[in-house]
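See below for the structure under consideration.
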Amino acid sequence: MTETTPPAAAPLKLRVTSSPHIRTPESVPRIMWTVNAVLAPAGLFAVYWFGWRALLTLALCIGTALLTEWAIERFRKVPSCCLDGSAFLTGLLFAFVMPASQPWYVSVIGSAFAIAIGKHAFGGLGNNIWNPALVARAFVLAAWPVATILGAAWPRPGAEATPVLFDLKSESVAITAPSPLTDPEVASVAEWRAAVDGNLRRATGLPADAPAGQVYFRLLFGLRNGCLGETMGILLILGGLFLWFKGYINWRVPLVFIVTTLVLTFVLPEKVRLAGGAVGYTPWLSGDPLRHLLGGGLLLGAFFMATDMVTSPVTNKGLVIFAVGCGVLTALIRLVGGYPEGVCYSIIIMNTAVPLIDRFSRPRTYGEVAA
Amino acid sequence: MLPTFPGGMHVHDGKELTKDRAVKAATVPPLVIVPLSQHLGAPCEAIVKKKDAVKRGQPVGEAKGFVSSPVHSPVSGVVRDVVAAPHASGGKVQSVLIENDGKDDPFPGVDEETDPGGLSREQMIERVRAAGIVGLGGATFPAHVKLSPPKDKPIDTVIVNGAECEPLLTCDYRLMVESSETVVRGGDLVRRIVGAKSLILATEDNKADVAELLRKTIADLRIPDARVMVARTKYPQGGERQLIQALLGREVPTPRRRGLPMDVGVIVQNVGTCHAIYMAISRNVPLIERLVTVVGDAVAEPGNFRVRIGTPVRSLLETTGFRTDPQAILLGGPMMGAAVYTPEVPVTKGTSGILVLSSVIDAEPRDCIRCGSCVKVCPARLTPLDLSLADEAKRYDLAEAWHIDDCIECGCCSYICPARRPIVQQIRHAKAALRKARSAAKAG
């Protein structure tokens, strides 16, 4: 053949690769760093609001996560992914779900636990069953129940809520304001509502007679006690919407998770701790869903934790089942369980159920038509 | 809302590079290579031998079996040899090498005009078969087989497929622009042959101008019960199962139960195939040339060419020239095209495009992060991530249980995967392993 067709200048060196020959610009590092960037404003706000302790906690958590990732990848002799943004994100999220005031060793041990046990023990990114940051939270809460109590840093008791930016004294302030979700102990069920409202005002640094609108406004804009990254609700909502717009999270998860929680916290009776160890229940259809939406970690959990790709189902149907489960468990734990906050455990429990959900929510194959 | 199918995705189509480049006749090379297998089904048997003189349009390979298709000499000249020659499939295929004498003498009967109105259904199907027409969209399924549905499968609709969903390719678009009349008439003939009531000419909204032209052509030719439908641009809309679902809302039964479009009363033929069917029936022209888009970042002068089947890719690329050193040459589009190892392979009936790229993707795959993107884009509604993992674990039994045989290998999953996993490649691998296991089970 070659003698009849004039040869090209030089013989072509061709490579044979499999189709498709074009690829999306999206990649794992791009997704991870985008999520980090989206969370950055809430982190900056935490440093402004909780002061230098928040910066220290963030730095320790992220730094330990990166270091642990690097060390374990060397040990496992796998290519280093320590800068792909995922370890950074795990460290960041672990800091976000903990009090800014937690001791330094809790930040370090918890963050190392998240990467080593939460992720690499299962085979690294993609193979873990549970959200690493939440597993670490569950671990440190069990290991150091007192040191991780909310509110050790902020605000000064009963004071007007002023940011404690670089207020070095705040470290020495003892246990103070409650979380907006703290269950007060009351003499009778009838007094419970007033006690909760008073508690909400203390948690947001407001005087006892402040109007309800002001309370919710402060909750939405993060002017409250809480975990490091969970307080600024508005930033979390905007960040979540941006991730949805980018296609990095499926809208079904936050929407169904949040709506389920809100409906149930409104409908179901809430357990009331009565003086002397007795238990009572509030009436049906009398809950305060706004307090549950803005007072705890629901927004952070629904937009940034339950949507974790690795530990959530892959089909729309599966994601809805998963999100309903998260919402039901969150509401039950908060209303009748032993903890004021239920987002972390509900997501971990539903993470466990993901393989099962995936198995029973396979899409109907094209052409698999009813005979 | 324009109709479309569930799943799939929008890919930057890059059609602006060649869509306004009118079709040029490519140089007919001094030597053509006509493979005896250019279609889905049994290969042909050579009916010429070394030193035989052949004319343009003369059959040189005879079909063996019903699902097969003859091949013809695209030039007049002398048979140099019948040997195994490089082929786009990766190996070598028995081919007829013909030295072109440059005279282009037609074989007796070729180019003779006939009024299709005087032909029976069977006569028309025989002309299509004898002309060696296969699906020109790339699947290369023999056209006469599609035109002969069994009596218990009545056809109500014929879809002329002008979706051309592969990025970068524009030869179907150019054909519709430059030969809308033969495309429409060809579609009409297909409808007559299968006895269907309605005729649909389908395209996507990135080619909305051609939809207007087709509408005008239908009106000018006074074709009854014909309409143009424009689908929302999405890959892989040109897959016949996807197109039927998009336009008619019908789902073709799974290939695992041998489901075919005719099971839902539809026949889909590519626009190029319709054009070829018209030429075969009314002018007695066998399939010896087709339109090919030549494009890619390593091509100096991209464009659309009318190419004789059997023209070596190298000859065509001499016309277009290189801008840089190519690293890969693909036959077909960027999503489903096959890379070739040498530019000596010939253009065959199924070659819709030649892509010349200055670089190939070198992506290091990582572990699946279960993002679910592949599930979202899969037009067959499979869970590609599971199939990929099943292949890695060599659990072909699971792959089979998860309907791997329904995969149409469109490549959406590999395209979209942020972990850069070669999912469709793994699926092909698992399919091949399953085929091997099945034939071993049959033999043993």
Side-chain angles (χ1 to χ4, degrees), chain A residues 1-32 78-79 81 84 86 123-127 247-250 308-316 318-319 354 358-359 361-369 371, chain B residues 11 29-31 33 90 97 99 167 241 251-255 259 312 314-315 318 326-330 334-344 355 357 360-361 363-364 366-372 375 379-383 385 402-403 406 411 414-416 418-420 422 424-425 428:
Chain A
M1 282 158 275
T2 36
E3 62 269 49
T4 43
T5 46
L12 297 175
K13 281 193 203 116
L14 297 180
R15 291 182 56 188
V16 177
T17 49
S18 182
S19 67
H21 305 276
I22 46 176
R23 295 292 171 97
T24 172
E26 297 296 344
S27 66
V28 173
R30 184 159 150 171
I31 294 171
M32 295 298 171
V78 293
C81 297
D84 71 359
S86 75
L125 184 69
N127 304 303
Y248 293 168
I249 65 174
N250 190 314
D308 172 32
M309 294 168 171
V310 177
T311 56
S312 61
V314 293
T315 65
N316 287 341
L319 287 167
V354 163
D358 270 341
R359 184 168 177 169
S361 60
R362 308 189 72 80
R364 183 182 60 82
T365 305
Y366 176 104
E368 196 66 29
V369 277
Chain B
V11 188
L31 181 82
I33 306 155
L97 274 50
E99 281 169 18
R241 283 161 197 265
E251 226 174 271
V252 180
T254 162
R314 174 196 290 273
S315 153
E318 274 156 15
Q327 226 185 62
I329 297 179
L330 320 175
M335 288 301 295
M336 287 187 79
V340 297
Y341 64 97
T342 162
E344 301 305 336
L355 240 68
L357 304 176
V360 295
I361 297 167
E364 197 53 47
R366 46 188 296 164
D367 285 354
C368 170
I369 59 162
R370 300 174 36 82
C371 66
V375 179
R381 291 199 303 266
L382 304 172
T383 47
L385 76 159
W402 292 331
H403 298 166
D406 288 69
S414 295
Y415 174 89
I416 208 78
R420 300 278 182 273
V424 73
Q425 195 180 355
R428 284 190 206 111

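Lettering follows sequence order; numbering is per chain, from 1.
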Heavy-atom cut-off 4.5 Å, strictly under: side chain, backbone, both or neither for [X] against chain A?
X	value
B/Val360	side chain
B/Pro167	side chain
B/Leu355	neither
B/Arg428	side chain
B/Cys371	both
B/Met336	backbone
B/Leu330	side chain

Segment of [X] engaging chain B (4.5 angstrom heavy-atom cut-off):
X	value
A/Val354	side chain
A/Arg23	both
A/Ser86	neither
A/Leu125	both
A/Asp358	side chain
A/Pro313	backbone

Between A/Leu319, A/Ile249, A/Thr17, A/Thr24, the one whose heavy-atom pairs under 4.5 Å with chain B are most numerous: A/Thr24
If you count heavy-atom pairs within less than 4.5 Å of chain B, which of A/Gly123, A/Gly124, A/Ser27, A/Gly126 leads? A/Ser27
Can you give me the closest heavy-atom contact between [X] and [Y], atom names plus distance?
X	Y	result
B/Tyr341	B/Gly90	CE2-O, 2.9 Å
B/Gly337	A/Ser19	O-CB, 3.4 Å
B/Val375	A/Pro363	CG1-CG, 4.5 Å

For chain A, which candidate among [options] shows the most heavy-atom pairs at distances under 4.5 Å?
options	value
B/Ala339, B/Gly372, B/Gly411, B/Pro422	B/Ala339
B/Glu364, B/Gln327, B/Gln425	B/Gln327
B/Ile329, B/Leu357, B/Val11	B/Ile329

Any side-chain donor near an acceptor of the partner, B/Thr254 and B/Asp406, under 3.5 Å: yes
Side chains of B/Arg370 and A/Thr311: donor-acceptor distance under 3.5 Å anywhere? no
Kindly indicate whether the side chain of [X], heavy atoms from C-beta on, has any atom under 4.5 Å from the side chain of [Y].
X	Y	answer
B/Pro29	B/Pro312	yes
B/Arg241	B/Pro255	yes
A/Arg364	B/Arg381	yes
B/Pro418	A/Arg30	no
B/Thr383	A/Arg362	yes

Can any side-chain N or O of B/Arg366 pair as donor or acceptor with the backbone N or O of A/Val28 at less than 3.5 Å? no
